[in-house]
Amino acid sequence: MAFVVTQLCKDCVDTACVAVCPVDCFYQPKEVSEETPNMLLISPDECIDCAVCEPECPWEAIYPEEDVPEVFESDIALNELCDTERDKFDLAEVEEDTPPSAEEVAANKAKYGL
């Protein structure tokens, strides 16, 4: 089992999760496209299931693979892309971000029916 970054991160990228990852398993697309959206991804091959990233994500976008909401099931394969097509991704780097407000998180979740 690995952790999965869902579309809740799309265009809301915050690297608080990257900062706490002990194995540097977060990646970002080199070029944003429909196939590789503007979001972080977790390498399932590198993730050690430590769970420290999940509570750090201010957008509440990270789930254990078995708990990914149905609306985000395709994100499991999306995260796998950083292993199967590594040349399309760079290791994510920590950047200073202003955390979203509770209202922003709620509005982002509402876009997906959560």
Side-chain angles (χ1 to χ4, degrees):
M1 173 196 78
F3 280 78
V4 175
V5 179
T6 65
Q7 295 286 323
L8 289 170
C9 181
K10 184 178 177 182
D11 298 327
C12 299
V13 178
D14 186 297
T15 58
C17 54
V18 176
V20 298
C21 180
V23 295
D24 297 329
C25 67
F26 282 87
Y27 291 85
Q28 288 182 281
K30 289 180 180 178
E31 292 186 32
V32 173
S33 69
E34 189 173 314
E35 180 191 24
T36 55
N38 179 30
M39 61 186 279
L40 297 171
L41 302 172
I42 295 175
S43 162
D45 288 348
E46 296 174 6
C47 179
I48 60 170
D49 305 324
C50 68
V52 297
C53 61
E54 183 182 18
E56 292 300 317
C57 177
W59 291 99
E60 301 175 8
I62 301 174
Y63 293 86
E65 184 176 340
E66 69 272 4
D67 294 338
V68 171
E70 188 175 331
V71 68
F72 299 127
E73 284 184 0
S74 65
D75 293 337
I76 295 169
L78 179 60
N79 280 251
E80 291 171 353
L81 281 180
C82 61
D83 288 328
T84 60
E85 298 186 37
R86 180 63 53 93
D87 61 324
K88 293 182 178 182
F89 298 90
D90 286 325
L91 192 61
E93 295 183 19
V94 177
E95 297 176 11
E96 284 295 318
D97 293 309
T98 301
S101 67
E103 292 79 18
E104 289 172 310
V105 173
N108 191 39
K109 285 181 163 186
K111 292 188 300 190
Y112 298 97
L114 300 177

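The structure presented is a predicted model; accordingly, all values stated were derived computationally and were not measured. One-based numbering along the sequence shown.
Annotation for Val18 and Ala92: closest pair CG1-O, 3.7 Å, computed over non-hydrogen atoms. Met39 and Leu78 get closest at one heavy-atom pair: SD-CD2, 3.7 Å. For Asp14 against Ala16, the heavy-atom pair with the smallest separation is OD1-N, 2.9 Å. Closest approach of Pro29 to Pro37, counting heavy atoms only: CG-O, 3.2 Å. When every heavy atom of Ile42 is checked against every heavy atom of Val5, the shortest pair comes out as CG1-CG2, 3.5 Å.
Note on residues 1-11: pairs passing side-chain hydrogen bond (donor to acceptor under 3.5 Å, both in side chains), not counting sequence neighbours, are Gln7-Asp75, Asp11-Asn38. Among pairs with a residue in residues 41-54, those fulfilling side-chain hydrogen bond (donor to acceptor under 3.5 Å, both in side chains) read Tyr27-Glu46, Ser43-Asp83, Glu46-Arg86, at least two apart in sequence or across chains.
Here the OG-NZ distance, from Ser33 to Lys88, works out to 7.0 Å after rounding to the nearest 0.5 Å. Atom SG of residue Cys9 and atom CZ of residue Phe72 lie 11.0 Å apart, to the nearest 0.5 angstrom. Rounding to the nearest 0.5 angstrom, the gap separating the CZ atom in Phe26 from the SG atom in Cys82 is 10.0 Å.
Under a hydrophobic clustering in which Ile, Leu, Val, Met, Phe, Trp and Tyr are joined whenever their side-chain heavy atoms come within less than 4.5 Å, directly or via other members, Trp59 and Tyr112 fall into different clusters. One hydrophobic cluster holds both Leu91 and Val94 under the rule that ILVMFWY side chains link at heavy-atom gaps under 4.5 Å. Hydrophobic clustering (ILVMFWY, side-chain heavy atoms < 4.5 Å, transitive): Leu40 and Ile62 are in one cluster. Both Leu114 and Val4 are part of a single hydrophobic cluster, where members link through side-chain heavy atoms under 4.5 Å apart. Hydrophobic clustering (ILVMFWY, side-chain heavy atoms < 4.5 Å, transitive): Val32 and Phe89 are in distinct clusters.
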Yes or no on side-chain contact (heavy atoms from CB on, under 4.5 Å) for Glu103 and Ser101, after CA distance, side-chain angles and deciding distance? CA-CA 5 Å; Glu103 292 79 18; Ser101 67; 3.4 Å; yes
Evaluate the side-chain contact (heavy atoms from CB on, under 4.5 Å) criterion for residues Glu35 and Leu81: first the C-alpha distance (whole Å), next the side-chain angles of each, then the deciding distance (0.1 Å), finally the verdict. CA-CA 9 Å; Glu35 180 191 24; Leu81 281 180; 4.0 Å; yes
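Atom CD of Glu66 has more than 12 heavy atoms from other residues, nucleotides or ligands within 6.0 Å. By the neighbour-count criterion of 12 heavy atoms within 6.0 Å, atom CD of Glu93 is sparsely surrounded, having that number or fewer from other residues, nucleotides or ligands.
Side-chain atoms of Lys109 never come within 3.5 Å of backbone atoms of Leu8 as a donor-acceptor pair (strictly under, hydrogens ignored). No donor-acceptor pair under 3.5 Å is formed between the side chain of Thr15 and the backbone N or O of Asp97.
Within the 4.5 Å cutoff, side-chain heavy atoms of Pro58 are placed close to those of Pro100.
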